[in-house]
Amino acid sequence: MKRPFVVSTENPVEQQPDASGAGSLMTEKFGPPAHIRRFSRGDTIWEPGLAAIVGYIVKGTVKLVTCLPDGRTNIVSIIEAPGFIGRIFGVTTEFTIEAATDVVVACFDPATFEARLAESQELEHFIHMQNLYQLDEAHERIIVLACQSIAERMATFMALRLVTEEVRGGGMRDDVVRVLLNRRDFAAYLGTTVETVSRTIQALVRRGTISIIDNATFRVLRRSDLFRVARQDEHDLVEMVRSRGPHARELVAYSQPAVRSAPRRASHALQVAAE
């Protein structure tokens, strides 16, 4: 379902008031007024040919895709909340932006955002760090795709998710791995088919490496075996994740003491506000 956002002062339906309060937090911190848009899983947020968009993902996950002649899509990147999407200063992209889950986006007028960026060293620093973080995530994707088998790719993906959440959580071990993509998108992300993903998951279950909590959540039962299947060194992955720049939730103190629920979500008040 295509439901693109186009900034227009003549369309009050597209520019909904910020009922969640998330956009007002962005405005308070950085200045540009935000308009909240909500997209359902599968919606097109932006595609080439539309007016430029600058958006801050408040809640959910988006995917950048390229469309193939036969109708299939290739997933180029996954961006989880919180994070920026879009282009500024006249730079365009040929990637389509789609909602991988239900998504809440705080949208900004590009010209206003650019003007504020020129004035605010803090906002400029924030955008630079966001870009570096997304570059690091692209490097992780390369690590996954460089694996020689689908089992290695899946195990490496799960291992990276595991250590990333643990590092964000201050080193507390969490044996639960959450896949934020549906099965079809997960298969595309790993460069394989839905059937192969299902077979690989079942093979890891029979091996006793993981158990299935639900379609998107898995529990790691044998941590050392997961890294063995991935052919990755746990210490190396942990150090790689630790060397990355801070995520958006650590970069800017959006949090409000009254809504803090967990250490790794504490600075992510935009998501809390949207919920």
Side-chain angles (χ1 to χ4, degrees), residues 1-2 39-48 57 59-81 83 85 93-103 134-165 175-223 225-232 237 241:
M1 180 187 301
K2 294 184 177 181
F39 299 90
S40 299
R41 181 194 295 268
D43 283 355
T44 297
I45 299 173
W46 185 89
E47 61 185 350
I57 307 168
K59 180 182 179 182
T61 302
V62 306
K63 56 183 178 178
L64 275 59
V65 304
T66 56
C67 299
L68 303 177
D70 61 3
R72 294 180 298 117
T73 58
N74 276 339
I75 296 179
V76 177
S77 178
I78 297 294
I79 304 176
E80 302 175 32
I85 55 174
T93 177
E94 293 303 311
F95 300 139
T96 297
I97 304 173
E98 296 182 355
T101 65
D102 291 345
V103 174
Q134 290 183 15
L135 180 61
D136 285 336
E137 290 190 325
H139 292 160
E140 287 188 4
R141 174 88 188 281
I142 293 173
I143 291 174
V144 170
L145 293 179
C147 296
Q148 296 183 355
S149 70
I150 301 304
E152 287 180 29
R153 291 182 188 180
M154 183 175 294
T156 299
F157 173 87
M158 289 186 172
L160 281 168
R161 298 290 300 187
L162 202 64
V163 299
T164 298
E165 289 304 308
D175 292 331
V176 174
V177 174
R178 298 169 183 84
V179 179
L180 302 177
L181 305 173
N182 62 30
R183 193 60 60 86
R184 184 181 65 179
D185 285 345
F186 189 34
Y189 187 83
L190 295 178
T192 186
T193 64
V194 173
E195 294 76 15
T196 301
V197 165
S198 296
R199 287 196 298 268
T200 305
I201 290 173
Q202 291 302 323
L204 290 174
V205 170
R206 290 193 299 270
R207 185 184 174 102
T209 307
I210 64 172
S211 64
I212 300 173
I213 297 176
D214 57 40
N215 287 335
T217 313
F218 307 90
R219 186 177 303 280
V220 177
L221 302 177
R222 297 168 58 199
R223 186 185 183 96
D225 193 57
L226 180 69
F227 284 90
R228 186 177 300 111
V229 174
R231 297 189 177 184
Q232 303 288 344
L237 289 187
V241 172

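Because the structure is a prediction, the values reported are computed rather than measured.
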message = Check this for me: Phe157, atom CZ, are more than 12 non-hydrogen atoms of other residues, nucleotides or ligands nearer than 6.0 Å?
response = yes

request  = Starting at CG of Leu190, measure out to OG1 of Thr196 and round the result to the nearest 0.5 Å.
outcome  = 10.0 Å

message = How long is the straight-line distance from CD of Gln232 back to CG of Leu160, given to the nearest 0.5 Å?
response = 7.0 Å

By salt bridge (Lys or Arg N to Asp or Glu O under 4.0 Å) - contacts of Arg207 (at least two apart) = Asp225

ask   = Does some side-chain heavy atom of Ile150 sit less than 4.5 Å from a side-chain heavy atom of Arg153?
value = yes

request  = Assess whether side chain to side chain contact (heavy atoms under 4.5 Å, CB included) is satisfied between Glu140 and Val241, documenting all intermediate values.
outcome  = CA-CA 9 Å; Glu140 287 188 4; Val241 172; 4.0 Å; yes

query = Going through the distances and angles, do Phe227 and Val163 end up as a side chain to side chain contact (heavy atoms under 4.5 Å, CB included)?
reply = CA-CA 11 Å; Phe227 284 90; Val163 299; 4.0 Å; yes

message = Please give me the minimum heavy-atom distance between Thr61 and Thr101, naming the atom from each residue.
response = N-OG1, 2.9 Å

Within-4.5 Å side-chain heavy-atom neighbours: Pro48 and Thr96 = yes

note = Here the pair of heavy atoms bringing Leu181 nearest to Phe186 is CB-N, 3.9 Å

query = Do Arg141 and Tyr189 have side chains that get closer than 4.5 Å, going by heavy atoms?
reply = yes

Cys147 to Ile143 - nearest heavy-atom pair and separation = SG-O, 3.5 Å

ask   = Do Thr66 and Phe95 have side-chain heavy atoms sitting under 4.5 Å apart?
value = yes

request  = For atom CZ of Arg223, decide whether the heavy atoms of other residues, nucleotides or ligands shown that lie under 6.0 angstrom number more than 12.
outcome  = yes

request  = Please indicate whether Asp102 has more than 12 foreign heavy atoms, meaning atoms of other residues, nucleotides or ligands, lying under 6.0 Å from its CG.
outcome  = yes

remark   = CD of Gln134 to CG of Leu64, rounded to nearest 0.5 Å, is 8.0 Å

query = Can you name the nearest heavy-atom pair linking Leu237 to Ala159, along with the distance?
reply = CD1-CB, 4.1 Å

message = Is there a side chain to side chain contact (heavy atoms under 4.5 Å, CB included) between Met154 and Val197? Walk through the geometry before answering.
response = CA-CA 8 Å; Met154 183 175 294; Val197 165; 3.8 Å; yes

ask   = Within the side chain of Arg219, is there an N or O that forms a donor-acceptor pair under 3.5 Å with the backbone of Val176?
value = no

inquiry  = Under 3.5 Å, is there a donor on one side chain and an acceptor on the other for Ser198 and Arg183?
reply    = yes

key: Heavy-atom pair with the smallest gap, counting every atom of Ala155 and Leu226   = CB-O, 3.6 Å

query = Atom CD1 in Ile210, atom CD1 in Ile201: separation rounded to 0.5 Å?
reply = 6.0 Å

query = Is there side-chain contact between Phe218 and Val205, with heavy atoms separated by less than 4.5 Å?
reply = no

ask   = Residues in salt bridge (Lys or Arg N to Asp or Glu O under 4.0 Å) with Arg231, at least two apart?
value = Glu152

inquiry  = Looking at Asp214 and Ala216, would you say the former's side chain and the latter's main chain have a donor-acceptor pair under 3.5 Å?
reply    = yes

query = Do Leu180 and Arg161 come close enough that some side-chain heavy atom pair is under 4.5 Å?
reply = yes

key: Distance (rounded to the nearest 0.5 Å) between Thr209 OG1 and Met158 CE   = 9.5 Å

key: Flag, side chain of Asp43 to backbone of Ser40, donor-acceptor distance under 3.5 Å   = yes

ask   = Any idea which heavy atoms bring Arg184 and Val194 closest together, and the distance?
value = CA-CG2, 3.7 Å

